[in-house]
Number of protein chains: 2
Amino acid sequence: MISERTIGRLSLYRRLLRDLLADGEKSIFSHQLAAMAGGTAAQVRRDIMAIGYSGSPVHGYDLEQLLKSIGHYLDAAQTQNVALVGVGNLGRALLAYFVGRHPTLSVVAAFDSDPVKANRVIHGCRCYPLEDVKAIVRERDIRLGIVAVPAPEAQAVANALCQAGVKGLLNFAPLRLWVPEHVYVENLDVTMSLEKVAFFARQGEFERDTTE
Amino acid sequence: MISERTIGRLSLYRRLLRDLLADGEKSIFSHQLAAMAGGTAAQVRRDIMAIGYSGSPVHGYDLEQLLKSIGHYLDAAQTQNVALVGVGNLGRALLAYFVGRHPTLSVVAAFDSDPVKANRVIHGCRCYPLEDVKAIVRERDIRLGIVAVPAPEAQAVANALCQAGVKGLLNFAPLRLWVPEHVYVENLDVTMSLEKVAFFARQGEFERDTTE
DNA sequence: TAATCTCTGTGATAACATTCACAGCGTTAA
DNA sequence: TTAACGCTGTGAATGTTATCACAGAGATTA
């Protein structure tokens with residue numbers, strides 16, 4: 001089984017490689033990709049090895065083929081549908097960011113408990129009242145959910161999504177969701193990240209080349 | 001030196017503990033906190049050990065004291081100022097989320113290249129033109145920056161912030177920023193996270209208790 | 001042709017993170 | 001008073017992730 005970290009890096013590589021291809025590049029060496037991705041050449045080679053693609057010692061990795069290999073590994077056979085719950089500031093930003101912009105993931109429905117938001121189209125995505133989650137998730141064959149509601153509502157929302165048959169959640173609420181065994185949850189906690197930055201920024205100020 | 005993962009978990013513990021305290025709880029055992037944080041009891045104990053706090057085998061950890069210890073470890077002596085660059089959909093969501101809501105981190109200035117946004121107050125935070133980064137970061141003693149601009153502009157923004165003396169960056173752009181040695185960067189890549197969810201959600205559908 | 005160069009693929013190793021497992025110790029119960 | 005309990009703190013073991021370092025191979029040069 002492939003590691004969670006590797007999957008994350010492959011996703012990053014892919015976007016970097018797409019930019020290169022758009023710039024007219026044909027191929028790339030592991031150390032170049034490593035520099036762009038902020039890793040080491042060995043790690044890039046291992047990651048690429050993991051998906052079964054092989055480069056050439058002379059020309060490095062062929063951009064087009066490598067992109068195809070990554071896509072073949074990461075993506076589902078057809079587009080996966082996504083539901084977003086919580087059309088507040090964050091939810092709207094996510095809609096603006098995702099709707100119609102991803103080649104294989106499609107946010108096809110948004111939900112909010114506020115009836116004012118229901119039945120409107122926001123950033124190109126239709127909004128529904130929260131009660132309709134189960135019906136619409138099933139109807140539209142939605143497998144993934146984004147939880148962008150305040151912390152107190154997050155668990156209830158997760159329950160609803162899981163009951164409706166979602167297989168993975170992206171959670172922005174600052175707590176850990178309890179979900180059925182087979183549902184994958186990725187937590188994206190902005191406050192935690194900012195606090196980490198605050199902490200290590202402070203560390204860096206003192207630890208001037210303390211060669212430990 | 002304490003691990004990056006541990007710092008992240010401490011940040012999460014803190015918010016969970018604050019909720020408990022608000023509910024009138026007095027103390028907690030490692031296995032209870034572990035359940036809430038989605039970890040193991042041993043890990044909670046190790047994390048707490050790392051910051052030098054000790055609980056009692058009988059009553060567990062005292063909420064108030066533990067919170068004080070975590071705060072003492074994670075927080076700076078006084079409030080740290082933060083600058084946000086990029087007042088698009090995401091930037092505005094972050095302002096709404098942070099401004100005036102964090103006890104020790106304060107977003108005191110926002111910047112955008114769009115002159116229409118400059119000199120307005122958004123969600124309680126004054127916006128400035130991008131050119132003013134250096135002056136205002138110095139003037140307001142800002143140590144942390146949030147990069148919420150589109151990918152093509154991210155590196156230039158990071159350069160400006162670093163030159164102005166920022167010590168840590170929270171980066172939302174889907175690429176790795178090049179920064180001076182001593183600047184800490186935390187990347188929060190929403191697309192990567194959603195792609196991870198998509199991938200592992202798919203995995204979970206098949207890997208039905210394959211013992212190994 | 002032979003020597004050299006630079007890169008990949010990967011076994012071996014090192015660094016890091018988590019979990020196990022148990023001694024030690026107040027507390028409670030008999 | 002003594003035994004049993006349930007928790008913490010932590011050394012040791014395990015598991016996971018990243019790096020090292022080098023054999024192998026096409027290309028280039030002499």
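Throughout, a chain's letter reflects where its sequence line sits, starting with A, and its residues are numbered from 1.
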Could you state the atom-to-atom distance from [atom1] of [X] to [atom2] of [N] in whole Å?
X	N	atom1	atom2	answer
A:Ile7	D:dA18	CD1	P	13 Å
A:Tyr53	C:dG9	OH	C1'	14 Å
B:Leu10	C:dA17	CG	P	14 Å
A:Asp62	C:dT8	CG	P	13 Å
A:Met49	D:dT17	CE	C1'	13 Å
A:Phe29	C:dC5	CZ	P	17 Å

Verify, without hydrogens or angle tests, whether B:Arg202 (side chain) and A:Leu74 (backbone) share a donor-acceptor contact under 3.5 angstrom. yes
Under a 3.5 Å threshold, yes or no: a donor from one side chain and an acceptor from the other, between B:Gln43 and B:Asp47?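 Not at all, the side chains of B:Gln43 and B:Asp47 share no donor-acceptor pair under 3.5 Å.
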Using 30° and 60° as the class limits, which term best fits the ring planes of [X] and [Y]: parallel, tilted or perpendicular?
X	Y	result
B:Phe200	A:Tyr184	parallel
B:His31	B:Phe29	parallel
A:Tyr53	A:Tyr61	tilted

Base contacts versus sugar-phosphate-only contacts with protein, heavy atoms under 4.0 Å: please encode nucleotides 18-30 of chain C as B, S and - from 5' to 3'. SB-B--B--S---
Would you indicate, yes or no, if D:dC7 has its OP1 or OP2 atom less than 4.0 angstrom from a side-chain nitrogen or oxygen of B:Ser30? no
Qualifying residues under side-chain contact (heavy atoms from CB on, under 4.5 Å), relative to B:Pro180, sequence neighbours excluded: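 In terms of side-chain contact (heavy atoms from CB on, under 4.5 Å), with neighbours along the sequence ignored, B:Pro180 is linked to B:Cys162, B:His182, B:Val183.
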